[in-house]
Amino acid sequence: MTDANPIIPHLIASSTSWIEGEAVRQLEHTARLPGMRAAVGLPDLHPGKGYPIGAAFLSERIYPALVGNDIGCGMALWQTDLTARRFKPERAAERLSGLEGAWDGDLAAWRADWKLEPTAFDRALGTIGGGNHFAEIQQLEQVFDAPALAALGLDTEHLCLLVHSGSRGLGEAILRAQVDQWGHAGLDPHTAEADAYRLAHDHALRWAEANRALIAQRLLTALGAEAEQRLAVWHNGVESVAWYDERLWLHRKGAAPADRGPLVIPGSRGALSYLVAPMGDGAINLRSLAHGAGRKWKRGEARARLSGRQRPEDLALTALGGRVICEDKDLLYDEAPESYKGIERVISDLTEAGLCQVLATLRPVLTYKMRRSEQSHRTGRIHQRRMRQD
DNA sequence: ATGTTC
């Protein structure tokens with residue numbers, strides 16, 4: 001079911017930027033959905049499961065499948081009290097483990113602080129998850145706008161912590177219930193069904209935000225550090241927006257909001273991240289910016305392509321000198337810098353289009369993705385041995 | 001992306 005008179009999607013990328021054909025086809029297909037009013041592909045556009053990632057869509061209807069399973073996924077930045085001069089990455093790495101398991105703190109109090117209802121997925125509160133999610137200690141590298149940095153409460157002496165995670169199994173369950181009941185048809189916003197989805201969606205936004213805060217707290221506790229949150233955005237979600245004289249629904253799928261002040265657009269583990277200030281009125285970019293470098297290779301593809309030239313231990317230390325904790329080999333390869341496009345081009349596409357300016361860059365120092373417990377480590381080896389025999 | 005795996 002597609003619209004007879006589709007709107008023309010706008011792609012924000014210079015002519016020499018490489019965008020996968022499949023991603024553009026998905027963008028065009030999505031632009032044909034009924035009620036679609038505008039569609040934009042950002043420079044990190046890449047193929048997703050039916051719908052592209054790195055895109056924003058303005059529509060008369062609400063499309064849960066367009067938001068995807070990781071409702072509320074986003075980035076939050078803290079300034080820590082760790083000083084860059086004294087920080088010892090190798091010692092810090094030794095202290096970081098166990099963030100995959102359930103938090104042993106007072107979950108009820110945490111839920112109350114964040115106005116969360118109990119869910120069947122609360123054991124995952126405070127866990128990073130897989131895919132491109134991470135918690136990363138970063139150091140401000142180059143400052144282009146010192147007053148803006150000071151206004152944000154950031155300084156170059158202290159290390160930052162950037163957390164990228166989402167709503168884990170909760171968002172997945174919300175999407176699955178929608179697709180089971182309604183397929184991909186989308187919801188009329190003036191219905192009880194739409195109200196029910198919005199309620200669950202908005203709860204997942206808060207859950208995801210609370211998750212990022214608890215991840216930060218657990219990591220900082222392990223390091224004996226304290227921090228204050230400076231920036232927080234989500235890049236998967238749908239919201240009601242006043243668009244000229246209409247009320248429409250703005251879907252962001254791997255698209256950062258450009259209407260909530262400065263934000264960090266992270267590169268891969270082997271690249272700088274960019275602290276940017278959005279610019280412009282948001283008309284051509286649907287009030288959205290890229291959410292990262294954008295995947296170049298599909299998940300599951302990287303290990304075969306890379307393992308001949310890079311061993312897992314090579315990937316544990318990046319070109320910029322950052323350490324990476326990731327004891328899942330497939331994940332380590334999938335998230336290797338080579339699996340991603342260059343963040344520099346993504347940022348220059350945005351700045352050349354007049355959509356943001358760079359305030360500062362941040363260098364990755366220590367990235368935590370996942371540590372295996374002793375027990376699951378053994379299980380993993382047994383599993384691998386059995387697979388080899390098959 | 002996913003208490004991802006039957």
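Computed over heavy atoms, backbone and side chain alike; hydrogens, waters and symmetry mates excluded.
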Quiz prompt | Pairs where residues 303-362 of chain A contributes a residue and the test ring pair (Phe, Tyr, Trp, His ring centres under 6.0 Å) is met, not counting sequence neighbours | solution = none
Quiz item: Using a cut-off of less than 4.0 Å, is there contact between a side-chain N or O of R176(A) and OP1 or OP2 of dT2(B)?
Solution: no
Practice problem: Send over the distance from I53(A) CD1 to dA1(B) P, rounded to a whole Å. | Solution: 7 Å
Quiz item: Between D44(A) and K341(A), is there a salt bridge with N-O shorter than 4.0 Å?
Solution: no
Quiz prompt | Rounded distance (Å) that lies between atom C1' of dA1(B) and atom CG of L175(A) | solution = 10 Å
Self-check item: dA1(B) base / N69(A) side chain donor-acceptor hit below 3.5 Å
Solution: yes
Exercise. Using whole Å, report how far CG of N211(A) lies from P of dG3(B).
Key: 11 Å
Self-check item: salt bridge (charged side-chain N to carboxylate O under 4.0 Å, His left out) partners of residues 223-248 of chain A, not counting sequence neighbours, each pair once
Solution: R37(A)-E246(A), E228(A)-R230(A), E239(A)-R252(A), E239(A)-R260(A)
Quiz item: To the nearest Å, how far apart are W103(A) CH2 and dG3(B) C1'?
Solution: 19 Å
Self-check item: Below 4.0 Å: OP1/OP2 of dG3(B) and any side-chain N or O of R168(A)
Solution: yes
Quiz item: Counting any heavy atom closer than 4.0 Å, what does G68(A) reach on the DNA or RNA strands: base, sugar-phosphate only, or nothing?
Solution: nothing
Quiz item: Nearest-Å distance, CG (N132(A)) to C1' (dT2(B))?
Solution: 13 Å
Exercise. Give a yes/no on whether any side-chain N or O of N236(A) is located under 4.0 angstrom from OP1 or OP2 of dA1(B).
Key: no
Quiz item: Base, sugar-phosphate alone, or nothing: which one does A120(A) contact when heavy atoms must sit under 4.0 Å apart?
Solution: base
Quiz prompt | Pair R25(A) + E22(A), salt bridge at N-O below 4.0 Å | solution = yes
Quiz item: What nucleic acid atoms does G130(A) come within less than 4.0 Å of, heavy atoms only: base, sugar-phosphate, or nothing?
Solution: sugar-phosphate
Quiz item: Tell me: NE2 of H164(A) to P of dA1(B), nearest whole Å?
Solution: 6 Å
Quiz prompt | Interatomic distance where CZ belongs to F121(A) and C1' belongs to dT2(B) [whole Å] | solution = 10 Å
Quiz item: Roughly, in whole Å, what's the span from NE2 in H46(A) to P in dA1(B)?
Solution: 7 Å
Quiz item: Under 30°, 30 to 60°, or over 60°: which ring-plane class applies to H291(A) and H46(A), parallel, tilted or perpendicular?
Solution: parallel
